[in-house]
Every structure is written in structure tokens, then in C-alpha cells.
Amino acid sequence: MRKLSILLVYLIFFVLILAPLGQMALGAWENGWQGFADVFARTDVQHAFWVSGVIVVIVTALNTLFGVLLALLLVRGTWLGRRVRQFANALVDLPFAVSPVIGGLMIILLLGPNTALGTFFESHGIKMVFALPGMVLATLFVTFPLMVREVAPLLQEIGTEQEEAAYTLGAAPWMTFWQVTWPSIRWGVIYGVVLTVARSLGEFGAVLVVSGNIINKTQTATTLVYQEVENFNFVAANAVALALAGLSVLILLGLETAKRRKEVRKHASS
Amino acid sequence: MNQRLLQGSLRSLVLLYFAVLVALPVFAVYGKGLSLGWEPFWQSVTHPLALDALWLTVQLALLAALINAALGTLTAWVLVRYCFPGRRFLNSLVDLPFALPTAVGGLMILLLLGPNSWLGQTLTSIGWEIVYRPPAIVIAMVFVTFPFVVRNLQPLLEELDPAEEEASYTLGASKALTFRRVILPALLPGLCGGTLLAFSRALAEFGAVVLIAGNLPGQTLVASVYIFGQVESYNPQAAAAVSVVLLTLSFLLLFTMNALFGRRTAR
């Protein structure tokens with residue numbers, strides 16, 4: 001029974017995760033090292049990775065900043081009233097329930113060429129949809145809950161006693177945050193950052209809808225994979241996908257480390 | 001005084017960001033979907049292809065969620081209860097579908113089961129066509145939602161007091177009875193929460209599905225791909241109308257989950 005179930009679990013992992021991953025890795029090397037290198041020598045591939053990188057950096061920075069601030073507001077903002085905070089708390093999860101395609105559609109409906117906001121930005125020379133700003137917005141929408149959901153429970157757990165003690169001793173809010181609150185939520189924030197990086201790098205549906213997938217302009221690494229598959233150019237698709245999978249594994253390792261540190265922190269403080 | 005002003009404006013900025021980024025787009029979809037009134041909305045939603053897509057999505061997502069409930073329970077059980085070589089490795093691997101871009105996940109399954117691989121060819125020769133058929137969609141959905149049930153059950157399994165099980169055995173209960181009467185009730189919240197999460201995620205899945213579904217209208221076209229097609233063919237109203245249905249369904253699921261299981265399930 002015991003041996004059988006362990007064997008079954010190994011089988012599940014092999015069929016569901018390891019075999020597909022291995023097949024893709026083999027496919028990427030179909031034309032050898034040279035074929036792999038050729039794919040990354042293409043300027044459109046490099047550009048796609050560049051666009052993905054830019055989105056990851058902007059989205060992670062904004063999401064971290066606003067995620068931590070909103071978590072502080074939701075947990076500590078007693079001035080808001082309990083009802084309002086409960087409602088806002090439920091709203092935070094909305095992006096989880098929204099299909100990425102719909103997330104992209106939302107941005108098009110709000111900022112597309114025929115909308116009031118879209119024409120407003122257009123007249124000021126800013127192109128939102130089928131350009132970087134729209135893609136960043138779509139990714140921000142999709143990644144929004146990740147940081148809040150990591151930090152808010154931690155804030156709840158550590159309570160307000162230490163912060164109040166700091167205030168009583170005359171510390172300014174800013175100083176209290178850095179000296180008292182930040183050390184307790186640090187690994188939670190780092191975990192949130194890694195999650196955000198993973199999601200913004202891997203985001204596909206929302207970005208595909210908003211970007212229009214224009215080669216050398218708005219194409220990201222994931223939408224490039226999609227286009228190469230549609231063109232039956234599997235060697236290129238595999239190579240790019242393998243690079244993305246490699247990054248995912250790195251991200252996974254980062255998550256493991258952050259999780260362990262977070263738990264150490266939790267046990268040490270309790 | 002100056003500090004209060006700063007604090008106030010910071011708070012307003014955060015709330016504004018929140019409202020503009022999350023609430024406004026959701027309203028935009030509902031607004032657009034219903035912008036021409038009830039009649040066109042109803043027509044877009046009851047369009048045979050739209051209905052087929054929605055129905056197919058619900059069926060396949062449900063199937064994928066149930067498969068995951070079974071696979072996830074077994075996996076969580078083995079990972080928590082048994083010590084065996086490779087346990088830590090497998091445990092980290094559980095999260096891979098979360099970390100992997102969904103398009104890459106779809107491509108992986110396409111390569112493994114597609115017409116160019118030996119496995120795909122073998123399966124085709126015995127009459128099992130998977131890729132570009134509904135089974136492929138289910139496989140993609142199972143892959144993408146695999147971590148939910150496992151990650152929801154693991155903490156519950158770890159907290160389970162072995163004394164309760166031992167008491168059950170001492171009182172003469174069989175293994176099956178103990179599992180059904182002692183262990184399962186304790187796991188039920190995590191199991192239901194994880195399965196619902198997997199279901200709602202499978203309903204919404206796009207990246208992994210679009211590459212391997214074949215997207216044949218009426219046969220293998222799921223709702224999210226249908227919406228994508230409508231956007232591509234400059235029909236935002238129809239896209240928004242179907243989105244309204246899908247969104248409402250997802251929101252109902254989300255709020256049911258929050259109401260039933262509180263915060264711990266939604267991550």
C-alpha cells in the first residue's frame with residue numbers, strides 16, 4: 001500500500017511534470033548547440049526578452065511598493081472602518097478570479113483606440129494599447145493580489161504591540177516602519193517579489209490581448225513562444241520556452257529559500 | 001500638520017491606485033457587455049458557439065478539478081506521511097506549474113503528446129487522439145492547477161493529531177473506516193477549497209489551452225479562447241458579454257470560497 005502510493009506519486013510527477021519538461025529540453029537541442037545559439041542570435045528574440053525584462057522590472061517595483069502600502073492600509077488602517085476594509089479585502093482577490101484574457105480585454109475596453117481615455121492619451125502622444133503602458137497595466141492587474149496576500153497575514157500576525165511601544169518611545173512613523181515592522185515582514189515581501197517576478201515574466205493571456213504581439217515592438221518572450229508554435233517553428237519555440245523554464249526553476253529555488261527564511265522568522269518570533 | 005497632509009495624500013494615492021487598477025477595469029467589462037442593453041447581451045451570450053464554448057469550459061474544468069482532487073490528495077498524503085528518497089525534490093516540484101509560464105506548459109504538453117513525438121504517434125496508432133481534442137484540454141488544465149489541492153491539504157495533514165487516528169484504531173475501526181470518519185472530515189475544508197480554486201483557475205485558463213486545444217468552434221473552443229477570438233476579430237461587445245458570464249461565475253466561486261473557508265484557502 002505504502003510502496004504503491006509512493007510509486008503512484010512518482011508516476012504522477014513523471015507524467016505530469018518531468019516527462020513534458022524533458023521532451024521540451026530534448027526538442028530545443030534538436031539542431032544541437034548551434035541551433036540553440038542561432039535562436040538567441042535573432043534580434044526579435046533578444047528584443048522579446050528585453051520587453052519581458054522591462055515589464056518585469058516596472059511591474060515588480062510598482063507592485064511591491066503599492067502592495068506593501070495597501071497591506072498596511074488594510075491591516076492597520078483603523079480609520080477606514082471595519083466594513084470598508086472587509087470589502088476592500090474581498091476586492092483584492094478579484095484578479096485571481098479573472099481570466100488573463102479578460103484582464104487584457106479590460107485594458108482594451110478602458111484605454112482602447114475608441115474610448116474616451118484612449119483618445120485622451122492618444123492626443124497627448126501616449127499610446128496605451130498595443131504598446132508598453134497597456135502591457136504593464138495588464139500585468140499589474142494580474143499580479144496585484146500577490147504582494148498584498150503575502151504581507152497582510154504577516155502584519156496581522158505580528159500585531160501592533162511592538163509598533164505602539166516604538167511610538168511611545170517617541171519614534172516617528174517612518175522610523176517605526178523601518179526599525180520595527182520591516183524586519184518582521186521582510187521575507188514575506190521578498191517572497192511576494194519572487195512571486196511577482198514569476199507571474200509577470202510568465203504572463204501570457206493578458207499581454208497577448210493588449211500587446212497585439214507585434215514583432216520587435218510589443219512581443220514578449222511568452223508571446224514569442226506562442227507565435228513560433230503557430231508558425232510550426234518548434235526549434236525556436238522550444239529554445240525560448242526552455243530558457244523561460246530555466247528561469248522558472250531559478251524562481252522556484254528563490255521561493256523555497258524565502259519560504260524557509262519566512263518560517264524560521266515566524267517560529268523565532270512566536 | 002505637514003506630516004498628516006503627507007500621510008493623507010499617501011493613503012489616498014494607494015486607495016486610488018487600488019480603485020483604478022482593480023475595480024475600474026471590472027466595471028468596464030460589465031459596462032461594455034451590457035452597454036447596448038439586455039437584448040444584444042443575451043444574443044451574444046446565447047450565440048450557439050458562445051454557449052458551446054461556455055458549456056465545454058465548465059464541463060472540462062469540472063473534470064480537471066475532480067482529477068486534481070484525487071491526484072492532489074494522494075500526492076499530499078504521500079509527501080506528508082511517508083519518508084522516501086526524493087521527497088523534498090518532489091515537494092519543491094509541486095510549485096513548478098505556478099512558476100512556469102502557462103504558454104510554456106502548453107507547449108510542453110503539445111510536444112509530449114503531439115503528432116511529432118513517439119508517444120503521440122503510439123497513442124494515435126491505437127486510436128487515442130489526444131492533442132487538439134478535449135482530453136488535451138483537460139490535461140493542460142490538470143497541469144496548471146495541480147498545486148492547488150496539494151498545497152491546501154499539506155498544512156491540514158501536518159496539523160492532524162495522530163492520537164485521533166490511533167484512538168480510532170484502538171476502538172477497532174478498520175483503515176478504510178478511520179480514513180472516512182476521522183481523517184477525511186479534517187481534510188474536507190482544504191480539499192473543497194483546493195478543488196474550487198482549481199476549478200475556477202481551470203475555467204479561466206488560456207495560455208496552456210490555446211496551444212493544444214485546436215480551437216475548433218463548437219468542439220474544442222473553450223470560453224477564454226472564444227473571448228480572445230472575438231477581441232481579435234474586433235468584436236469587443238461579444239467578447240465582453242461572454243466575459244461577463246465567465247467573470248460572474250468566477251466571482252461567485254471566489255466569494256463562496258471566502259465565505260466557506262475564510263482566508264486560508266485563497267492564495
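Only heavy atoms go into these numbers, but all of them, side chains included; no hydrogens, no water, no symmetry mates. So you know, we letter chains A, B, ... as the sequences are listed, proteins then strands, and number each from 1. Computed from a prediction, not measured in an experiment: that's the story for all the values here.
- A 4.5 Å side-chain heavy-atom check between A:Met106 and B:Leu247 finds at least one atom pair inside the cut-off.
- Between A:Tyr10 and B:Phe84, the ring planes lie perpendicular to each other; the angle is over 60°, past the 30° to 60° tilted range.
- Using a 4.5 Å cut-off between heavy atoms, B:Phe228 touches chain A through backbone and side chain atoms alike.
- Taking OG of B:Ser92 as the reference point, atom NZ of A:Lys259 lies at 8.0 Å (rounded to 0.5 Å).
- The aromatic ring centroids of B:Phe18 and A:Phe66 lie 6.0 Å or more from each other.
- Screening B:Phe89, B:Phe146, B:Phe143 for a ring pair (Phe, Tyr, Trp, His ring centres under 6.0 Å) with A:Phe13, the sole residue that qualifies is B:Phe146.
- Taking NZ of B:Lys32 as the start and CD1 of A:Ile108 as the end, the distance is 11.5 Å to the nearest 0.5 Å.
- Looking at A:Ser248, its side chain does come within 3.5 Å of a backbone N or O of B:Ala99 through a donor-acceptor pair.
- Contacts of A:Leu91 with chain B are made by both backbone and side-chain atoms, with heavy-atom separations under 4.5 Å.
- If you measure heavy-atom distances from B:Phe27 to chain A, you find no contacts under 4.5 Å at all.
- When each of B:Val231, B:Val22, B:Thr75 is scored by its heavy-atom pairs under 4.5 Å with chain A, the top score falls to B:Val22.
- Contact of the B:Ile227 side chain with the A:Ser99 side chain is not registered, since no non-hydrogen atoms from C-beta on lie closer than 4.5 Å.
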